[in-house]
Amino acid sequence: MRKPGQTLAPQQARSRDSLRKLLRAAVEVLGQQGVAGTTIPRIAAHAGLTPGAVYRRFRNKDVLLETAILRILEDQDKFLLLSLTVEAAAEIPFPTLAEQVINSLVVSYRANASLLRAVRQFLQEKEAAAAFGLMMVIGTLWEVVVNSGDIKLWKGLLPKDDRTLKGELTQSFLSYLGVERKTR
């Protein structure tokens, strides 16, 4: 059985091809529609798949987009490693190397501006959610631990000990972020 957030690894060539099409479609739709306009049905249609086929492989849109973004970064890393070795870079005069790298970056950013904006927005939303979740935890700790003068009002609702408090705060934080806690 697959764990939450884990994607199914393709076993056959046709399945690997479907995954490639799906990830490419996710990136293209994200670049064209932005985060809000990127939906599983829209991605599935763009890839020539059914939404059910997408959900069999990915739990939700966020997991799919995270996977697609990571694939882009991995592909860029491979490309950079293959296109310019340390030895080859050492043979190029530094001003020429700097000019080539900067020219490549400008061309890449111009060609992918909408996608880069959408990726940035997606990542900022994740960061904002984590920050807000931590504020919730800190606010709870402040009221329960630091400002415990009015604790009598909440006595029956509060966890009985710190171990339980830690567990409940962790579960609340992870649930807020949409992350399922692994069972031990």
**Residue pair Val27, Val119: steps toward the side chain to side chain contact (heavy atoms under 4.5 Å, CB included) verdict** = CA-CA 9 Å; Val27 167; Val119 167; over 6 Å; no
**Message:** If you apply the rule side chain to side chain contact (heavy atoms under 4.5 Å, CB included), what do you find for Gln33 with Thr39, and how did you get there?
**Reply:** CA-CA 9 Å; Gln33 304 294 325; Thr39 63; over 6 Å; no
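Taking Glu125 as the reference, Gln121 meet the side chain to side chain donor-acceptor pair (under 3.5 Å) condition, with sequence neighbours excluded.
Here the CZ-CD1 distance, from Arg71 to Ile69, works out to 13.0 Å after rounding to the nearest 0.5 Å. Between the CG atom in Leu19 and the NZ atom in Lys21 there is a gap of 11.5 Å [rounded to 0.5 Å]. The structure places CD of Glu28 at 9.5 Å from CG of Leu115, a figure rounded to the nearest 0.5 Å. Atoms CZ and CG, on Phe58 and Leu22 in that order, are 5.5 Å from each other to the nearest 0.5 Å. Rounded to the nearest 0.5 angstrom, His46 NE2 and Gln32 CD are separated by 5.0 Å. Between the CZ atom of Arg120 and the CD atom of Glu127 there is a distance of 10.0 Å, given to the nearest 0.5 Å.
For residues 90-103, no residue pair satisfies the side-chain hydrogen bond (donor to acceptor under 3.5 Å, both in side chains) rule, not counting sequence neighbours.
Across all their heavy atoms, Arg57 and Ser15 have their closest contact at NH2-OG, 2.9 Å. What you find for Ala44 and Pro51 is that their closest heavy atoms are CB-N, 3.6 Å. What you find for Ser114 and Gly31 is that their closest heavy atoms are OG-O, 3.0 Å. The shortest non-hydrogen separation linking Phe173 to Leu134 is CE1-N, 3.5 Å. Listed here is the closest heavy atom pair of Thr38 and Val29: OG1-O, 3.6 Å. The two atoms that bring Leu64 and Leu23 nearest to each other are CD1-CD2, 3.8 Å, heavy atoms only.
Both Met135 and Leu165 sit in one connected hydrophobic cluster of ILVMFWY residues. Membership requires side-chain heavy atoms under 4.5 Å apart, directly or through other members. Under the 4.5 Å side-chain heavy-atom criterion for grouping Ile, Leu, Val, Met, Phe, Trp and Tyr, Leu116 is connected to Leu105 within one hydrophobic cluster. Note on Ile138 and Leu174: separate hydrophobic clusters, where clusters join Ile, Leu, Val, Met, Phe, Trp and Tyr whose side-chain heavy atoms are under 4.5 Å apart, directly or indirectly. Hydrophobic clustering (side-chain heavy atoms under 4.5 Å, transitive across Ile, Leu, Val, Met, Phe, Trp, Tyr) groups Val101 together with Tyr109.
The shortest distance between side-chain heavy atoms of Lys61 and Val35 falls below 4.5 Å. Side chains of Asp161 and Thr164 form a contact here, defined as non-hydrogen atoms less than 4.5 Å apart.
Of the possible polar contacts, none joining the Ser108 side chain to the Ser104 backbone as a donor-acceptor pair under 3.5 Å is found. With Arg42 contributing its side chain and Gly37 its backbone, the two residues share a donor-acceptor pair below 3.5 Å.
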